[in-house]
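Quick note on labels: first sequence line is chain A, next is B, and so on, each numbered from 1. What you see is a predicted model, and the numbers here were worked out from it, not measured in a lab.
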Amino acid sequence: MTDSAPSSQEYLDQELARRQKLQQLQAKGIDPFPARVQRSHTIAEALVAYEAGQLDETPVQLTGRLVALRIMGKLSFGHLQDGTGRLQIMVRRDLLGAERYNDFFKKLVDLGDIVAVQGPMVTTRTGEITCQVTGMTLLAKSLRPMPDKWHGIKDPEVRQRQRYLDLLANPEVRQVFRTRAAILRVLRSYLDGEGFLEVETPILQSVYGGAAAEPFVTHHNYLRQDLYLRISFELYLKRLLVGGYDRVYEIGRDFRNEGISHKHNPEFTQLEFYEAYTDYVGVMERTEAMLATVAQEVTGGYEVQWGEHILNFRPPWPRIPLRQAIFDACGIDYNEYPDADSLRTAMRALKIDAPIEATRGKLIDKLLGLFVEPNLIQPTFLVDYPVDVSPLAKKKVDDPLTVERFEGFVGGMEICNAFSELNDPIDQLQRFIDQGRDFEAGDKEAHPVDEDYVNALSYGMPPAGGFGMGIDRLTMLLTNQTNIREVILFPHLRPES
RNA sequence: GGGCCGCUAGCUCAAGUGGUAGAGCAACGGACUUUUAAUCCGUGGGUUCGGGGUUCGAGUCCCUGGCGGCUCACCA
C-alpha cells in the first residue's frame, strides 16, 4: 500500500465514471490536460462582435467550462462559461463528424469540463446567439461532479471552505467580488486624482499602535524578536507627513486578535489617508465626497438598496455630537459624570452592564454601541469624542476633555473613524503615558508608547486630518450583504476536524 | 464565551407519536436534428457529522465531541 491515489473502488460512482472516461481519453491518445490552447475571442467579445455584424460566417475559437448540457440524438445544446460570460453552443453530428460526436462529445465529455470550441456564431430559432460547433477539444477534465445547476451551493460551510464551488455555481457571488474590486478601484482613482500618494508601510511591527485593539504576536527566528501584526497604519503614515509627503494613503490588511462576528473578521482591509493642512471638518467633507463618488460609480447612483433600507450617500451627512446622540438615546449626559466610577453608577442605575475594569471612555463607547450605533442606518457622522479613548487626536481648544474626532456610521455599523491629528509631541507623550496606566490597569487594548513616533513628531508634523475606513464593511453596504464573510473570499474559519 | 437552531445520496431537500431512508437535479444504459431547469423509458448510488447510551428496533430519544448558522456579550 502506497500513499498514491485511492483505488477505483474508493471513489464514489460519479467520480469513478469520470476517471474511467479520463483513462479512455488517454487510451485514445487525447491529452485531458493539454498545455496549449487557441482562443480568438472571450465569450463577451464574441457576443459583441457578432451583434456588431463583424463576424459573418467566420469561425471563432472560444474556451470555457461546460455549465449545461442538453444531449440529444444528432443535435445537442449546452452552455459554455468563461470569465466574461456565458454562451450557448450547438453541437451537430453532421458538422462535428459522427465519430467525434458519438464517441468523444457524447461519451467522454462531462458537465464541468473545460473545453475549447470553434465554429461560426449563429442565432437559433428561439433567438439565442449561439456558437455552432465544428470542432471541440478538451482543455481540462473535471473529475468531480458539479453542484446542482439550478440551486447552486447553499450550505454556508461549503460556500466558504470551498469558495471556488460557490463562485462557479453562484453567479451573484461572482458579482459581489467584482463590485469589491470596483470599490477599491474607485477609491484609488479618487485619491490619486486628489494628489494623494499610495504607500506601503510595515505589517510586521515591533511596536503596534494607531488603534485600540489586541494584536497578533509572531516571532522572527533569526532576530529572536517578537513582532506584532499591525492593527493600523496610522503611526507610519503620519511619519510620512513629517517626511514631507502632504497627502498619503494606504490600502491594506489589518489584523486584530479579537472576536469574530458578522461584522468582524480577524484580518480585514482598511483604507487610511492623511492630509496635511486640513482638520477633521475638512476630512468630513472629503469623506462625503469620496463615498458619494464610490456609490455613484459602483452602483450607478447615490441611493443603494441594503436589505429593507435604501441608503442615501448624497452629501452632506447629518453631524451629531456624540454627547448629544447618547443623551438623546438613553438620557445619560456623560459630561455630568467626569470619571468612570460616577458614569458606571449612572449606567447601572439604568440596568446597563458596566464592568468594573472599564475606563470612562470604554463606558461611553459602550453606550454608543448599545443605544446609538444600531439606529444609525443612513450615513451619519458622530462628532467630538472623549479624549481618553482618542490618544492620537487633537483636543478641542475650548474643551480639553474632548477631541476633534468623528466616526461615520451606515447601516448600523461604524465604517470610518477620523480626526484632527495630534501633532504636539509633548501632549502625545503624555497621552501615551496615560494609556500606559490603562494598560497596567488591565485594558489590553490600551495604546502602547511609541517613542520613535513621538520623536518623529518632535521634528514638526504639519496640522493634518486623518481617516480610516473598513473596506469590507463598505463592500457589505454596496453589495447588499449583512455578513462580512460574504464580502471576503476566504474568511477565517475554524479548521475542519 | 452564553443561548437557540442546523448537519440525511455529488448538489438541493423530504422522511406524523422510534418500525425496510425517499424525491428532483447530477451519474449510468437507451430513444431523440432547435433545446435552454430539454423530454421520455430504464438502472445504480447512503458510516443519516464522529463517539457512546436507551430500546426487540434509532435519521428520529438521551449523553458527549466536531463544524456551521442566527443571536447576545466583546470588538472596527
Side-chain angles (χ1 to χ4, degrees), chain A residues 11-18 20-21 67-79 86-96 101 106-107 110-112 122-130 132 142-162 165-166 168-170 210-214 231-232 254-272 353 355 358 362 365-366 368-370 373 407-409 413-417 444-445 468-474 476 482-485 491 493-497:
Chain A
Y11 293 116
L12 295 168
D13 62 337
Q14 300 204 36
E15 185 166 2
L16 182 59
R18 286 165 181 252
Q20 284 169 348
K21 291 177 185 178
V67 292
L69 276 178
R70 296 179 289 282
I71 303 279
M72 290 182 280
K74 303 187 188 66
L75 164 74
S76 299
F77 292 89
H79 275 89
R86 176 185 252 245
L87 179 75
Q88 179 166 264
I89 59 170
M90 171 164 54
V91 188
R92 277 168 52 173
R93 192 175 72 179
D94 57 349
L95 294 178
L96 193 62
Y101 184 83
K106 282 176 75 172
K107 294 288 182 199
D110 284 307
L111 202 57
V122 300
T123 304
T124 61
R125 281 180 202 168
T126 53
E128 182 164 353
I129 300 172
T130 299
Q132 191 173 61
S142 170
L143 297 178
R144 306 269 297 172
M146 289 293 106
D148 189 284
K149 66 184 174 188
W150 189 246
H151 301 95
I153 294 269
K154 289 195 171 163
D155 182 337
E157 193 169 349
V158 176
R159 288 189 50 228
Q160 287 159 37
R161 287 193 196 282
Q162 294 180 270
L165 287 181
D166 188 28
L168 80 83
N170 301 326
E214 272 193 79
I231 58 172
S232 84
D254 275 340
F255 307 85
R256 297 189 184 174
N257 204 341
E258 292 165 348
I260 297 174
S261 80
H262 66 104
K263 45 183 185 175
H264 298 87
N265 196 59
E267 53 182 297
F268 63 102
T269 300
Q270 179 97 327
L271 160 68
E272 291 189 24
D353 178 41
K362 287 275 175 191
D365 197 51
K366 180 155 187 127
L368 163 62
L370 222 46
E373 180 171 356
E407 292 185 313
F409 294 84
M413 294 186 291
E414 179 194 335
I415 65 156
C416 63
N417 177 26
K444 288 182 177 167
E445 295 172 350
M469 176 171 69
I471 299 296
D472 311 279
R473 289 182 179 176
L474 178 64
M476 289 167 65
T482 55
N483 195 312
I484 198 168
R485 283 183 300 266
L493 296 172
R494 287 177 204 240
E496 277 183 290
S497 60

Below 3.5 Å, does any donor atom in the side chain of [X] face an acceptor in the base of [N], or the other way round?
| X | N | result |
| --- | --- | --- |
| A:S76 | B:U35 | no |
| A:Q14 | B:G10 | yes |
| A:Q88 | B:U35 | yes |
| A:R125 | B:U34 | no |

Listed nucleotide nearest any side-chain atom of [X], set [options]:
| X | options | answer |
| --- | --- | --- |
| A:L75 | B:U34, B:G44, B:C28 | B:U34 |
| A:R485 | B:A27, B:C70, B:A38 | B:C70 |
| A:L493 | B:G30, B:G68, B:G45 | B:G68 |
| A:N483 | B:C28, B:C70, B:U33 | B:C70 |
| A:K149 | B:C67, B:A37, B:U12 | B:A37 |
| A:E157 | B:C67, B:G30, B:U33 | B:C67 |
| A:M72 | B:G68, B:A38, B:U33 | B:A38 |
| A:M90 | B:U71, B:A73, B:U34 | B:U34 |
| A:D148 | B:A27, B:C11, B:A73 | B:C11 |
| A:A17 | B:G69, B:C28, B:A37 | B:C28 |

Between [M] and [N] - [atom1] atom distance, rounded Å:
| N | M | atom1 | result |
| --- | --- | --- | --- |
| B:U48 | B:G59 | P | 7 Å |
| B:A14 | B:G6 | P | 11 Å |
| B:G53 | B:G45 | P | 30 Å |

Select base, sugar-phosphate, or nothing to describe what [X] touches, counting heavy atoms under 4.0 Å on all strands.
| X | answer |
| --- | --- |
| A:D155 | sugar-phosphate |
| A:R159 | nothing |
| A:A169 | nothing |
| A:E128 | base |
| A:D353 | nothing |

Subject >> Under 3.5 Å donor-acceptor, A:D254 side chain and A:F268 backbone >> reply: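 Here the side-chain-to-backbone pair does not exist.
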Subject >> Gap between atom CD of A:E157 and atom CD of A:Q162 - 0.5 Å precision >> reply: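 Atom-to-atom, A:Q162:CD and A:E157:CD are 10.0 Å apart.
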